[in-house]
Each structure stands twice: as C-alpha cells, then as structure tokens.
Amino acid sequence: MTLAIKYHTKVAGFLLKTLLLLSFSACRQEAPRYTQLEGKAQGTTFHINYRNAREQNFSGQVDSLFRRIDKSMSLWDSTSIISRVNRNEPGVVADEHLIKVYNRSREISERSGGAFDITVGPLVKAWGFSYKKGLPPPDSTKVDTLLQLIGFQKIRLENGVFVKNHPAMEIDVNAIAQGYTVDLIARFLEQQGIHDYLVEIGGEVRSAGKNERGEFWKIGIDKPLDNPEQERLLQTTLSLKNRSLATSGSYRKFVVRDGKKYSHAIDPATGYPITHNLLSVSVLADDCASADAYATAFLVMGMDKAMQLAQKQELEIYCVYADEKGALQVQATPGFLK
Ligand code: ADP
Ligand code: MG
C-alpha cells in the first residue's frame with residue numbers, strides 16, 4: 001500500500017515535472033528568438049535579423065553567398081566572371097546568378113525605355129565612379145565616342161556567353177546586384193524554414209513576417225542631405241509587410257570634380273550624370289532586385305516620368321525632390337503612403 005502510494009506520488013511527481021517541463025519548453029518555443037548577423041560586404045554594410053527557434057547561426061553560409069556573388073559579378077574582383085567578360089576573355093560562361101541578373105536587367109531596361117542600362121560600364125568608368133578614380137571628367141567628344149558603346153540592345157546572351165556588338169562594351173550590374181543578393185539571402189533563410197526576417201545590404205531591404213516585438217518590420221528612409229557621412233536624419237519610416245524596399249539617391253554617392261558634384265546615376269541617353277532636382281527615389285516591390293533596379297531607373301528618368309511609369313508598372317514609389325527654393329518636398333504614389 002505504502003509502496004503503491006509512494007509509487008503513485010512518484011508517478012504524479014514525474015508527470016507534474018514533465019508537464020512543467022513541457023509547458024516551459026512550449027513557452028520557450030513560443031518566445032521569439034532572433035539572431036542578428038552583420039558585417040561588411042559588397043563595399044557596404046549588411047544587417048540580417050531572423051527568427052529561428054534553434055538559434056542557428058548562418059554567418060558561414062551568408063559569407064559564402066557573398067563570395068559567390070563577388071566571383072560572379074563584382075567589378076572589384078579582376079577574376080570575376082563579369083570582369084572577364086568585360087576583358088573579352090574567350091570561353092567565359094556566365095553562372096546562374098549573372099544570367100538571372102542580366103535577364104531581369106534587360107526586362108527593366110525595356111520597361112524603363114533604356115533609363116536602366118547595364119551597358120553604362122564605360123561611362124561609369126569615364127566619370128570615375130568605379131575603380132578608376134582621379135581622372136579628369138570626360139569632354140563632350142569623349143562622351144559621344146563612349147555613347148557608341150552604350151545600349152542594352154547591343155549585347156545578348158547566347159547559351160551563357162555574352163555576345164557584344166563592339167568589343168569595348170562593358171557591363172556594370174552594380175545598380176541591381178545588391179538587391180539581387182538580398183533576394184538570394186532571403187531565399188536561403190526561407191529554405192531553412194525561417195519566415196520572420198529582415199535582410200538589408202547597403203540600404204536595400206527585404207522583410208517577411210514580424211520582428212522581435214511581434215510587429216511588421218519598420219524601415220527608415222534617409223533624408224537626402226548634402227553631407228550624409230556627417231549627418232543622418234530620417235525622412236520617413238514605414239512598415240514593410242513581406243516586401244522589398246530600395247532607395248537610390250543622387251545625394252548619397254557622387255564625385256566632386258572642379259568643385260562640381262556629379263551623381264553616380266548616369267543617363268544612358270545623354271552619357272552625362274543626372275543633374276535634375278530629384279534627390280532620392282524609394283521603390284516598393286515584391287523582390288529586392290526589381291526594387292533596386294527600378295530605383296536607379298526612376299532616379300535617371302526624373303520625377304514626372306518616374307511617377308507615370310510607377311503607375312503603369314503598379315510599383316509604389318516615394319520621391320524626395322528640391323523645390324525652387326531648395327526646400328525638400330515629397331511626391332509619392334497613393335499606395336506607398338498607405
Ligand atoms: P545606390 O543603391 O548605392 O544608390 P544604385 O543602385 O543606384 O546605387 O546603383 C548605382 C550604380 O549603378 C552606379 O555606381 C553605376 O555603377 C550603375 N549605374 C549608373 N547609372 C546607371 C544606369 N542608368 N543604369 C544602370 N546602372 C547604372
Ligand atoms: Mg539600384
């Protein structure tokens with residue numbers, strides 16, 4: 001009898017403990033666990049935040065994705081596929097990433113009437129935005145000569161091999177590569193069963209699900225200021241609901257020559273860096289590669305054309321521009337402001 005009681009007490013105690021443990025572990029599982037990864041890549045910084053009950057650290061896998069993209073499309077790596085294509089090395093075959101980026105770029109070139117064009121490479125170099133710095137700005141004769149090499153219709157991909165109309169043509173996918181990498185990392189996280197995350201590289205972001213506080217991820221858009229290195233203020237913030245956001249700004253990256261500021265966005269139609277009063281364009285899209293490329297396209301097009309195309313393509317955009325008095329003004333599609 002005593003034995004039995006003891007036994008029952010023991011069983012009850014065991015059950016109670018197990019229940020406690022179970023409920024405790026249930027609580028533990030419900031408590032959101034977020035892992036943050038951050039560092040430098042692609043000449044900028046990245047931040048990744050994701051919810052993963054097992055607290056797995058994916059920094060090794062993320063690093064290898066960055067390396068793979070560098071080997072495919074970095075202009076700063078002379079052994080990358082894109083560098084070899086630009087040097088016309090024989091027998092160079094594009095990898096799946098460069099093929100995808102090229103196809104998406106071509107589509108956006110067509111839709112933007114050529115405002116977005118990855119064949120701007122020779123102009124980007126001449127204006128000094130990539131690796132050759134400190135050259136004098138090109139004169140109009142030089143620009144006219146280089147314009148012969150520009151045009152997305154003058155290059156094609158045949159079984160992974162780039163065929164150029166002119167051997168001096170060079171491609172530059174810097175305006176879409178960051179967004180593409182954001183998508184790649186997001187897809188990797190999803191393959192690990194992660195549904196709550198934020199991936200950001202150099203200001204281009206993609207999010208899914210919710211943050212640590214159970215809210216949709218909140219993103220800030222920088223105020224376009226003259227000295228972004230010294231001062232950083234937010235123009236606005238928004239909740240990102242399973243979407244991507246990219247911003248291109250003529251204020252953020254520029255070179256100063258002979259006391260004049262040149263934006264790093266180049267109008268492929270004229271061969272000159274843009275000079276209009278549109279200071280920044282932020283684009284919401286389902287994928288970050290498109291948001292990134294369209295942000296550059298819209299910046300090149302200027303505000304009126306950008307607003308028209310955004311409505312046609314059903315993209316949400318937010319433009320910051322300077323009025324005649326130099327004051328910052330905003331124009332956005334109704335969907336963006338929602
Ligand atoms: P960021 O996000 O740093 O503002 P962008 O995504 O706007 O940069 O890309 C700018 C880069 O894109 C330039 O440095 C240049 O390499 C390239 N670029 C410049 N003009 C164009 C253009 N019209 N179409 C495609 N790429 C461009
Ligand atoms: Mg871009």
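Ligands are counted one by one from 1 in listed order, and the atoms in each one are counted from 1 as well.
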Region of [X] that comes within reach of ligand 1 [heavy atoms, distance under 4.0 Å]:
X	value
D117	backbone
T247	backbone
A297	neither
A175	both

Answer yes or no: does an N/O atom from A265 fall short of 3.5 Å to an N/O atom of ligand 1?
no
Is V124 in polar range of ligand 1, meaning some N or O pair under 3.5 Å apart?
no
Which ligand 1 atoms does [X] reach within 4.0 Å, using its non-hydrogen atoms?
X	value
P268	23 (N)
V120	18 (N), 21 (C), 26 (N), 27 (C)
D292	6 (O)
S248	4 (O), 5 (P), 6 (O), 7 (O)

Among H264, E204, Q178, M301, whose heavy atom sits nearest atom 19 (C) of ligand 1?
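It is H264 whose heavy atom sits nearest to atom 19 (C) of ligand 1.
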Measure up the W217 and Y34 rings against each other and bin them: parallel (under 30°), tilted (30 to 60°), perpendicular (over 60°).
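Rings of W217 and Y34: perpendicular, as their planes differ by over 60°.
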Please go through L234's hydrophobic cluster and name the other residues, only I, L, V, M, F, W, Y counting, with side-chain heavy atoms under 4.5 Å joining them.
none
May I ask you to check whether R104 and S290 show a side-chain donor-acceptor distance below 3.5 Å?
yes
NZ/NE/NH1/NH2 to OD/OE distance under 4.0 Å, E190 and R187:
no
Under-4.0 Å salt bridge between E215 and K210:
no
Verify same cluster id: W76, L98 (apolar side-chain graph, 4.5 Å):
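Yes, it is one cluster - the side chains of W76 and L98 are joined through contacts under 4.5 Å.
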Mark the output for A295 as yes if a heavy-atom distance to ligand 1 is under 4.0 Å, and as no if none is.
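No.
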With a cut-off of 3.5 Å and sequence neighbours excluded, list every side-chain donor-acceptor pair involving residues 160-167.
from : atom 1 : to   : atom 2 : distance (Å)
K164 : NZ     : V85  : O      : 2.8
K164 : NZ     : N88  : OD1    : 2.7
K164 : NZ     : M169 : O      : 2.9
H166 : ND1    : A168 : N      : 3.0

Surrounding CG of D323 (heavy atoms of other residues, nucleotides or ligands, distance under 6.0 Å), is the total greater than 12?
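Correct, the count exceeds 12.
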